[in-house]
Amino acid sequence: QVQLVESGGGLVQAGGSLRLSCAASGRTLSSYAMGWFRRAPGKEREFVAAISRSGGNTRYADSVKGRFTISRDNAKNTVTLQMNSLKPEDTAVYYCAGRQTLTNTLVFLKNDEYAYWGQGTQVTVSS
């Protein structure tokens, strides 16, 4: 079983950048497709970005496309979400998620497609 721990959240002004990291332990991430989700106050958890286990395939929510970049380093067992041009509406708790897959190219966009979750890291964007 893999354990996921997010870091890198914080308070930033609108237009700024943050880099979130997800560190895995217990298993190598190379057999896991990974994703980032977020939950804003009073809202359900929503998809942000996903990456295939090989790193060759990515998907983004329309709301973050062109501003956020997901990447992974399987050798370091980490997944990163680079967030640029942040907006107040990006304020949320951000979660890293993972699921095992036999396929190098698949990405997963739904909450219930992931079996493993981190505890979340708070991102607050001030206007």
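It should be emphasised that the depicted structure is a prediction, and the values quoted were computed from it without experimental measurement. What's counted below: heavy atoms across the whole structure, side chains too, no hydrogens, waters or symmetry copies.
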Visitor: Can you name the residues that form a side-chain hydrogen bond (donor to acceptor under 3.5 Å, both in side chains) with Ser17, not counting sequence neighbours?
Guide: Asn84
Visitor: Listing request: all disulfide bond (SG atoms under 2.5 Å apart) pairs with a residue in residues 7-101, at least two apart in sequence or in separate chains.
Guide: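 Sorted result for residues 7-101: Cys22-Cys96.
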Visitor: With sequence neighbours left out, write down each residue that passes side chain to side chain contact (heavy atoms under 4.5 Å, CB included) with Gln3, or none if nothing qualifies.
Guide: Gln1, Ser25
Visitor: Do you know which two heavy atoms are closest between Ala14 and Ser127, and how far apart they sit?
Guide: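 Scanning both residues, the minimum pair turns out to be CB-CA, 4.4 Å.
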Visitor: What pairs meet the disulfide bond (SG atoms under 2.5 Å apart) rule with one or both residues in residues 25-63, with sequence neighbours excluded?
Guide: none
Visitor: For Arg39, give me all partners under side-chain hydrogen bond (donor to acceptor under 3.5 Å, both in side chains), at least two apart in sequence or on another chain.
Guide: none
Visitor: Just by distance, do the side chain of Ser85 and the backbone of Gly15 share a donor-acceptor pair under 3.5 Å?
Guide: no
Visitor: Would you compute the distance between atom CZ of Arg27 and atom CG of Asn77 and round it to the nearest 0.5 angstrom?
Guide: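 Arg27 atom CZ to Asn77 atom CG measures 11.5 Å (nearest 0.5 Å).
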Visitor: Using every non-hydrogen atom in the two residues, find where Tyr114 and Ala50 come nearest and quote the distance to one decimal.
Guide: OH-CB, 3.8 Å
Visitor: Taking side chain to side chain contact (heavy atoms under 4.5 Å, CB included) as the definition, give me every residue that meets it alongside Leu11, ordered by chain and number, with sequence neighbours left out.
Guide: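 Partners of Leu11 by the side chain to side chain contact (heavy atoms under 4.5 Å, CB included) criterion, ordered by chain and then number, come out as Thr124, Ser126.
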Visitor: State the CD-OG distance between Glu46 and Ser63, to the nearest 0.5 angstrom.
Guide: 5.5 Å
Visitor: Any side-chain heavy atom of Phe47 within less than 4.5 Å of one from Arg59?
Guide: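 When only atoms from C-beta onward are counted, Arg59 and Phe47 do touch, with a gap below 4.5 Å.
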Visitor: Tell me whether the centres of the aromatic rings in Phe37 and Tyr95 are closer together than 6.0 Å.
Guide: no
Visitor: List for me each residue that meets side-chain hydrogen bond (donor to acceptor under 3.5 Å, both in side chains) alongside Ser30, sequence neighbours excluded, and say none if there are none.
Guide: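 With sequence neighbours excluded, Ser30 shows a side-chain hydrogen bond (donor to acceptor under 3.5 Å, both in side chains) to Thr28, given in chain and number order.
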Visitor: Would you say Val107 and Ser52 make side-chain contact, with heavy atoms under 4.5 Å?
Guide: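 With C-beta onward as the side chain, the pair touches.
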Visitor: Does the Thr101 side chain pair with the main chain of Thr103, one donor and one acceptor, at a distance under 3.5 Å?
Guide: yes
Visitor: Working to the nearest 0.5 angstrom, can you tell me the gap between Arg53 CZ and Leu102 CG?
Guide: 6.5 Å
Visitor: To which residues is Leu81 joined in a hydrophobic cluster, defined by side-chain heavy-atom contacts under 4.5 Å among Ile, Leu, Val, Met, Phe, Trp and Tyr, whether direct or through other members?
Guide: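 Same cluster as Leu81: Val2, Leu4, Val12, Leu18, Leu20, Leu29, Tyr32, Met34, Trp36, Val48, Ile51, Tyr60, Val64, Phe68, Ile70, Val79, Met83, Leu86, Tyr94, Tyr116, Val123, Val125.
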Visitor: My understanding is that only residues two or more places apart in sequence, or in another chain, count here; which of them pass side chain to side chain contact (heavy atoms under 4.5 Å, CB included) with Ser7?
Guide: Ser21
Visitor: Which residue pairs satisfy the salt bridge (charged side-chain N to carboxylate O under 4.0 Å, His left out) criterion with at least one member in residues 102-114, sequence neighbours excluded?
Guide: none
Visitor: What pairs meet the side chain to side chain donor-acceptor pair (under 3.5 Å) rule with one or both residues in residues 64-73, with sequence neighbours excluded?
Guide: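 Every side chain to side chain donor-acceptor pair (under 3.5 Å) pair that includes a residue of residues 64-73, provided the two are not neighbours, is Asp62-Lys65, Arg67-Asp90, Arg72-Asn74.
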Visitor: Among residues at least two apart in sequence or on other chains, which ones pass ring pair (Phe, Tyr, Trp, His ring centres under 6.0 Å) with Phe108?
Guide: none
Visitor: So, do Thr80 and Arg19 sit near enough that their side-chain heavy atoms are less than 4.5 Å apart?
Guide: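 Yes, close enough: below the 4.5 Å cut-off.
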